[in-house]
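Letters go in sequence order (proteins before strands), and every chain restarts at 1.
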There are 2 protein chains.
Amino acid sequence: MTVAKTAVRKTVERQTGVALWRQIADRIRLAISNGDYDTTGMVPPETALAQEFGVNRHTVRSALAALADEGLVRAVQGRGTLIERKERVTYQISRRTRFSQGLGRQVKEIGSRLLGHDQVPASGEIATALGLAPGALLVELHTVSSGDGRPLSAAVSYFPADRFPRMAEEYARLGSVTKVFSAHGLDDYVRASTEIVARHADAEELALLELSPGAIVLEAHAVNADLEGRPVEFSRTRFAADRMKLRIET
Amino acid sequence: MTVAKTAVRKTVERQTGVALWRQIADRIRLAISNGDYDTTGMVPPETALAQEFGVNRHTVRSALAALADEGLVRAVQGRGTLIERKERVTYQISRRTRFSQGLGRQVKEIGSRLLGHDQVPASGEIATALGLAPGALLVELHTVSSGDGRPLSAAVSYFPADRFPRMAEEYARLGSVTKVFSAHGLDDYVRASTEIVARHADAEELALLELSPGAIVLEAHAVNADLEGRPVEFSRTRFAADRMKLRIET
DNA sequence: AAAGATTTGTCCGTATGTATG
DNA sequence: ACATACATACGGACAAATCTT
């Protein structure tokens, strides 16, 4: 191919504060989720991986041990390293985005846990997004959602308290924002806008999403509105980036 | 908030393959982009940071040195460590997404560099996305785009060779896919779908986007189609995550 | 069934990077 | 700048489990 030659190392980088075994674990995880090893259902032999990445076999073993610890692969002596789980869950963003709905076909069991709730005054970005005067009362929900036992996202959601006074209690009972909206007489709503940023997870997110340090989160700020265009929800959702893919239909 | 005085390193962890200085650099970078230090425009003193994170001052110095190397902060003897503030550029994704258009209002100067081009047979995901039989000829473009001299994205784009035979040459001349489409008689097109994944940058991306090791890229796979719904472009764009925000209008 | 090849598991030692004081 | 402790990475050798011939 006619590409200008750049002095690019095809191998992993050293002395960067990120251990080689972790960089290699990241690359193998990506290859697995890309389906690169689907023909065999196994990771290539340690010696082959060591050669591919230009490192010692021990280093590859450290990487595979980390992936085994995540439950992504399982090593069997004499046979190889089997892939246990490869799928990234796709989260679809469209005008009719519903959290649980799209996920239902991809995982057997969806979990929604309410970590806590509060009443807070609107301010700044949230007040603007919801079209409220600063100081208007909001219901704040902290939730974690998981698929087949693996945490997928941690969210903080805000709702106008005057319109959805029983939000927290109903959510604890129903486990779905869509159902609580229904219980408050709002039968339909649409996604107005979504903003997405990627960054390293902070300590709280590492704990909530059961991630290891250096992990990445996709943070989405979303506004949902009723059919008259009045905003009904502002949410800040942190997705575990290595377990999720976002799909946007336009 | 009430925090225990002996906050013993709840925030950073050891033996995880990520050096403490890098974990701390990540946290300071996040705090800067959150605007936590906006009142002073400076990072707190090294001793304060060392105490906050429960690490030795040497470790904090390593973290700050890394951030200075990125150009995010500048240490001045006797004064402190000054923040060189940089805003995230917003990239808007909608049915009418045009790369250069939305960026124009946010940066003074947009740069588009053609790294190379090739003719390749369609296969796998790309053939599917473009609705072509495997083996159909494609034009492949490698490009890097920047705003005010900072690299923002690196893309590999594919176009049906029979419909856009002069794609590579015209792009080199016009510097915009939209203009080349026009030159081939395609006056309008729409974004059909976009899939987004976040991951660590590989060695090639670190070089192309001038990132430091451990940096994050947002990878978007997009399909553009003409008004009859026939796909005209498949692109795989890697955005420098710490310089970009994606906005989705639905 | 036996032998050899392949692949993961474990042990030794050495050099360098990271973190503290 | 120095000293100390631990994590990371490398190299080699061999054992144990599995598959192929």
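- Judged as a salt bridge (Lys or Arg N to Asp or Glu O under 4.0 Å), and not counting sequence neighbours, B/Glu125 has no contacts.
- Rounded to a whole Å, the CD atom of B/Gln23 is 14 Å from the P atom of D/dA7.
- Shown here are the side chain to side chain contact (heavy atoms under 4.5 Å, CB included) partners of B/Ser123, two or more places apart in sequence or in another chain: there are none.
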Polar atom pairs between nucleotides 11-14 of chain D and protein, under 3.5 Å, N or O only, would you list them?
from: D/dG11; atom 1: OP2; to: A/Asn56; atom 2: ND2; distance (Å): 3.4
from: D/dG11; atom 1: N7; to: A/His58; atom 2: NE2; distance (Å): 3.4
from: D/dG11; atom 1: O6; to: A/His58; atom 2: NE2; distance (Å): 2.9
from: D/dG12; atom 1: O6; to: A/His58; atom 2: NE2; distance (Å): 2.5

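- With sequence neighbours excluded, the residues forming a side chain to side chain contact (heavy atoms under 4.5 Å, CB included) with B/Ile110 are B/Ser100, B/Leu103, B/Val107, listed by chain and number.
- Within the 4.0 angstrom heavy-atom criterion, no nucleotide atom of any strand lies near A/Ser62.
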Identify the pairs formed between an N or O of the protein and an N or O of nucleotides 17-21 of chain D at a distance under 3.5 Å, and give each distance.
from: D/dA17; atom 1: O4'; to: A/Gln77; atom 2: OE1; distance (Å): 3.4

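- The nearest whole Å value for the distance from the CZ atom in A/Arg22 to the P atom in C/dT18 is 15 Å.
- Considering only side-chain N and O atoms, A/Arg61 lies nowhere under 4.0 angstrom from the phosphate OP1 or OP2 of C/dT8.
- By the 4.5 Å heavy-atom criterion applied to side chains, B/Ser235 and B/Tyr158 are not counted as neighbours.
- For the contact set between residues 37-47 of chain A and DNA chain C, defined by any heavy atom under 4.0 Å, the members are A/Pro45, A/Glu46.
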Using atom types as modelled, flag every donor-acceptor pair under 3.5 Å from a side chain in residues 70-80 of chain A to any protein atom, sequence neighbours excluded.
from: A/Glu70; atom 1: OE1; to: A/Arg29; atom 2: NE; distance (Å): 3.2
from: A/Glu70; atom 1: OE2; to: A/Arg29; atom 2: NH2; distance (Å): 2.6
from: A/Arg74; atom 1: NE; to: A/Glu84; atom 2: OE2; distance (Å): 3.4

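- Remark: A/Arg243 pairs with no residue by the side-chain hydrogen bond (donor to acceptor under 3.5 Å, both in side chains) rule, at least two apart or across chains.
- Here C/dT20 presents its P atom at 14 Å from CD of B/Gln51, a figure rounded to the nearest Å.
- Comparing atom distances between the B/Leu20 side chain and each of C/dG9, C/dT20, D/dA9 picks out C/dT20 as nearest.
- A search for salt bridge (Lys or Arg N to Asp or Glu O under 4.0 Å) contacts involving A/Arg88 returns nothing, not counting sequence neighbours.
- Between A/His221 and A/Phe234, the two ring planes are perpendicular [angle over 60°; tilted spans 30° to 60°].
- At the phosphate of C/dT8, OP1 or OP2 sits under 4.0 Å from a side-chain N or O atom of A/Thr81.
- Rounded to an integer number of Å, the gap from B/Trp21 CH2 to C/dT20 P is 14 Å.
- Look at D/dC10: its Watson-Crick or wobble partner, with both distances under 3.5 angstrom, is C/dG13.
- Taking the side-chain hydrogen bond (donor to acceptor under 3.5 Å, both in side chains) definition, one finds that B/Arg22 meets it with nothing, sequence neighbours left out.
- Scored by the side-chain hydrogen bond (donor to acceptor under 3.5 Å, both in side chains) test, A/Thr194 finds A/Arg191 as partners (sequence neighbours excluded).
- Whole-Å rounding puts the A/Arg74 CZ to C/dT8 P distance at 13 Å.
- Applying the side chain to side chain contact (heavy atoms under 4.5 Å, CB included) test to A/Thr47 and every residue at least two apart in sequence or in another chain returns A/Pro45, A/Arg57.
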